[in-house]
Every structure is written in C-alpha cells, then in structure tokens.
Amino acid sequence: MKINILYGTETGNSEMLCEDLESEFGDDHELEIMNLAEVDPADLDLSVFHVFVSSSYGDGELPASAKPFAEKLDNSDTDLAGLSFAIFGLGDSDYETFGQGSEQLADMLVKHNAQQVGPRVIHDAQGDDLAEDVAFPWFAERVAEAEAMSDAA
Amino acid sequence: MTRKIAIIGAGPSGCYLAQALLKQDATVEIDIIDRLPVPFGLVRYGVAPDHQGTKAVSRQFARLFERQGVNFIGNLDICTGAHGGDISLDELRAIYDVVVLATGLSSDRKLGIAGEYLQGVVGSGVLTRAWNDHPDSEKAELPVPGKQLAIIGNGNVAMDVLRILSKQDHEYDGSDFGSHHAESIAAAKVERIEVIGRSPAGIAKFDPVMVKEIGKSAGLKFEIHDLDLGDASDAENPKIAALNGLAEIEPDETRCTISFRFGWSPVSFVGTDGNLTALHIARADGSETLELPCDMAVTAVGFSDDQRLGRMDLIDSAADLGNGRLDDGLYAAGWFRRGPQGTIPDNRSDSQVVAAAIAQDLANMPESNAPGREGLFARFDHLTDYAAWQRIDEHERASCAEGRLRNKLRTRRDMLKLALNVTETTQ
Ligand SMILES: Cc1cc2nc3c(=O)[nH]c(=O)nc-3n(C[C@H](O)[C@H](O)[C@H](O)COP(=O)(O)OP(=O)(O)OC[C@H]3O[C@@H](n4cnc5c(N)ncnc54)[C@H](O)[C@@H]3O)c2cc1C
Ligand SMILES: Cc1cc2nc3c(=O)[nH]c(=O)nc-3n(C[C@H](O)[C@H](O)[C@H](O)COP(=O)(O)O)c2cc1C
C-alpha cells in the first residue's frame, strides 16, 4: 500500500523513528517520508493513507518542525474529507502535558474532516522501551486497518 | 577515494553533524574524537540527572556508532600551541581531510565582581559537572551547601541548579543522580535560596515549564518579588503565570523558602576568613541596594571559551562563520561556533547547515592520501573506542543503587581501567 509518513521533530527522535519504519516496512509498502516543515496541508493527497509522527514541546505544544503546518491548517478552511490517517506521538511523562503535541495535531486534522484510524499511541522517553519497539506493532495494526477500510470501500 | 573527517567533540553538535554528513554523503569516513574516554558531551555531563527523557537523545547518537559506521575515539585531547594536550590542531589537520571543532564552551563566565574567588562561590558549569560526575570534578573543590544559598542568573541552567538544591533525596527515583550528591544536599537542610535575575520577570531567560517543575517538590514556599517591574507584570505572560503559580503554593510545612528577585545586579561577594558570608545586589540605576546573607552562591550567567583551541583567533579570521567555515578543511559547529546559547535542537539545525557546507566543499577538494584514524592509532596507545564506552555503560547500569538508572564512574582512572584493560584480557 502507498503510505505517506509525516514527522514533526526538534531533537530528531521522530525523524529517526520514521527512518526505522522505512527499514522495517519499506519492502512491503510504498513509503514516502516527509518533514512536516516542508508540507502544505492544502497539498495532502487525500487518497493516500497518512501516518503522522510527532513529539511535544514547551507546555504540550507541537515541535518546531510541525508548527508551520499546524498554523496553516488552523488558519485555513482546507477540507480533508476522505483523508484517513493514523498518528503516533513521542513524549515524556515527566511533563504533565504528556503527548499533547500529537493530540493537538490529531484534533486539528479531525476538525478538518480527516478520519483517524486506530488509537494514538505515545512513546515515553522516560520508559525503557525504544520508540521503534512501541511503534512497529502499532504501525502494522494501523496499516492492516487502513487496508481493510480501502478493501471495503 | 574515501574522505577522512575528524569531528572533535562528541556532544550534540558533533553527533548531529556526523548524522547530517552521512545523509549528504554516505561514503565519508567519520571519526568523532573527544578528550574524555566517553561520548555525548553535555548530554551526559550537563543535562540534569533528573531529566533522563532529555538525555535519551543519546540513543540517537549511539546509533551512529552502532549501525552507521562512525568511529568514536576517546581520551584524545586536542590543543593549540602551549596548552598541553595530546596532539595539536595543526597535526590533526595534517592527518584528516576535514577537521570540525565541536568542542563546546565549558568555562563558567565570570561576573567580574569583588569576592568572586571566595570559598563558597561556584560557577554553574563546575557545579553541574560535579553533580553529573564529570571526571574533571575529581579535583574540584566544591562548596558544601549551608542553610542560605544564592543563585545568580535566570536561565534554564540556573533553574536546574535551583531545582536540584531544593529537591529532596527521595525525589530522584529514575534519575542517575549520585546518592552522594543527593545526601550531601539533603544533609545541608537548606532553609532559604535567593534567586537573582537582572531582567524583569516577563523577559527572564527561563522556560516557564522549568519554573513550574520546581513547584512540584513538597515543602517549598515561594516569595516572588519585583513582579511589577517595568511593563512586565502582564499576568497572561507565561513566565509571570508560572511564577504566580509558585506563589500560590501553600505547603503544610515549609522546609525551604525560595525567593525570586528580578531587576537586580550582583555588586560584590563579601566574606570573612576567605569564606563567603553575603551577596550584595543593587538596582540597575543604583537606587537601591540589598545585602543577602549566604554561605554558598552559584553563578549561572553563561559560559565561555576554555582558550585551549585558540577560538577567538579562529573565529575572528573565519572564512564564512555563518556556515561554519573557518579555513580550508577546518570547520566549527555547535556552541563553539555560535557561542554558549541554544538548546540541543538548536545544535541539530546548526549542524545541518555546517554539514551542507562541508559536503559542498568536499566536491571541490583536491585528492589526498590523508591517513585518517590510522595516523592516530599508529601514534597513541591510550585511545578508547565505542566498545569501551559500551563496557563502561553496562557497568554503570549494573552497579547502580535501587531506584537509580546508573552509577557513573567518577574518575578517568576507573573509566580507563574498564576501557583499556578489558581489551587486553579478552584477546
Ligand atoms: C548545565 C547545562 C544543562 C543543559 N541542559 C539542557 C537541557 O536540558 N536541554 C537542552 O536542550 N539543552 C541543555 N543544555 C544545552 C546543551 O547542553 C548544549 O546546547 C549542547 O550540549 C551544546 O553542544 P556542543 O556539542 O556544542 O557542546 P558540548 O555538549 O559541550 O560537547 C563538547 C564536547 O567536546 C569535548 N571537548 C572539549 N574540548 C576538547 C578538546 N580540546 N579536545 C577534545 N575534545 C574536547 C568535550 O569533552 C565534550 O564532550 C544544557 C547546558 C548546560 C551547560
Ligand atoms: C524542553 C522540552 C519540553 C518538552 N515538553 C514535553 C511535553 O510537554 N509533553 C511531552 O509529552 N513531552 C515533552 N517533551 C519530550 C519530547 O517530546 C521527547 O523527548 C521526544 O522524544 C522528542 O522527540 P523529537 O526528537 O522528535 O522532537 C519535552 C522535551 C523537552 C526537551
């Protein structure tokens, strides 16, 4: 299946996770990885399944590389009806605003009529798990769901 | 022809630079060199021990050495001219096609006021290195906190220092803060901490989350002075809001009072018999002065060059400092290039810019037969490698106390014992 993977990052953990997804799933699916900093919400291909990966900063805000995308989306009436997406967060449970960056992004996409597939899962930088160990099974499940949806359609 | 690149400094900027260079050109051979036997710079030795989530960025850097073919060469001190060290910068440039200086800025900036050398006054760099068990701290004479402390500076490092001096021993679960440090701070039973900032609160340098975090420790009471200074009393301002949040905390029992004062400059430290007894501060316009009794004062007013690499000359004569170009085949990145401002993410974008410049220059660089790392291996037998760090890492994780993540080896000697001897016995 064709899947676009879009990341928002500051220290690069989210980008590295996307590269890991590419190595793990790139043989079975057609993956394209993009930095949200270089994506305009109006240009999203609504027929392609999108996976967002984003960390959180400040007080539960989006990371710098996701901010321009979010601002553009927020200030526009871009209609994302037809777009299905899944979203994975990176965060740190030391912060009360754990995972709120990815939450903001998810809410915003849904508000613009995109459809979220499956739960948003957040990797905790405090924990022992590596981000890829949490994200791989999550990704496989989301892709299976997206495939089932497109088969049904 | 494989280009040989030496990045000096295994902190965030050096590691991000290697990462970005490999994305530009996967054929280069990269060695990251550090004067310490172990990698990661301030991620290991600056970022607070109770901020493990931030330290976790080292997992990204580990991958360079574990999977991406970058070589770590530790325990090699690079210097210019008369500063000792193992090898001079010029000698290193002769061995490699490209040398990048990413050695950070580790010296504490001085206030330049009377009494700064009294026993009891300490720089935040010296102190946070000690708290992080940096091997240079072995010989550092650290003041022991008493009942009344002062912190000068309002940046995030000052907030780290304040948090650690005010947290309780049992609040370090999941950290790698040495019990010896936590216990000596707890034993002091600090009663009052004065935090002095030059700017009005609304434009202080700290991030509001750093201030909020301090309020999480039980038994602290906060006095916030001078909030009405200038036009910075705006309650919507997130910094002011964070401070107001602290002021509302009503502890059942107060073990320590923390007083924030804004718009004051330090004037002098005074003491008796060489020991600090008070800090004098004044308003910028001299309209008011204040004496704050204290037995330990931490200056957290930024960092400067340790002058061992002739940084000022290199920066002054730089060909294109904005992109990190110092001279033919010589570059700078991170704090060394930009000065001591900016967080880990800032170094990432900075290093991406410098990597692009290097990749561009490599295309036009004449052929060479620089020996690279072989030139170092032929000359030195005390170098440490990434496998040595992995042994140290494993040892530190295995030997830690209940509730802690690691127990850092505190001396270069202990690190080298594990780093160098084991290689011999396993052969
Ligand atoms: C106390 C403190 C706490 C901080 N906390 C945070 C935080 O929580 N979050 C955040 O984002 N940022 C934080 N920062 C900022 C962050 O640490 C810096 O932005 C970053 O480390 C700068 O990276 P660098 O690679 O330029 O320098 P450094 O990290 O200092 O790395 C320089 C490396 O060069 C080596 N070196 C120095 N001289 C030589 C020599 N002559 N020969 C060989 N090697 C040499 C050093 O051993 C070191 O490993 C903190 C800074 C400090 C000082
Ligand atoms: C200054 C700072 C603020 C942060 N704020 C939050 C936060 O509010 N909520 C959260 O879940 N994680 C927070 N984090 C943790 C990061 O989201 C986490 O470290 C993540 O792995 C970073 O991924 P990235 O490298 O892709 O940016 C913060 C980290 C830092 C350094």
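Just so you know, these numbers use all the heavy atoms, side chains as well, and skip hydrogens, waters and symmetry mates. Since this is a predicted model, take the numbers as computed values, not measurements.
A/D20 and A/S23 share no side-chain donor-acceptor pair at under 3.5 Å.
Residues B/W389 and B/F40 place their aromatic rings such that the two centres sit under 6.0 Å apart.
The candidate with the highest count of non-hydrogen atom pairs below 4.5 Å against chain B, out of A/N13, A/T97, A/T9, A/D94, is A/N13.
A salt bridge links B/R406 to B/D393: at least one charged side-chain nitrogen sits closer than 4.0 Å to a carboxylate oxygen. Under the 4.0 Å criterion applied to side-chain N and carboxylate O atoms, A/E132 and B/R63 are assigned as salt-bridge partners.
For B/K55, no part sits under 4.5 Å from any heavy atom of chain A, backbone or side chain. Only the backbone of B/D50 comes within less than 4.5 Å of a heavy atom of chain A; no side-chain atom from C-beta onward does.
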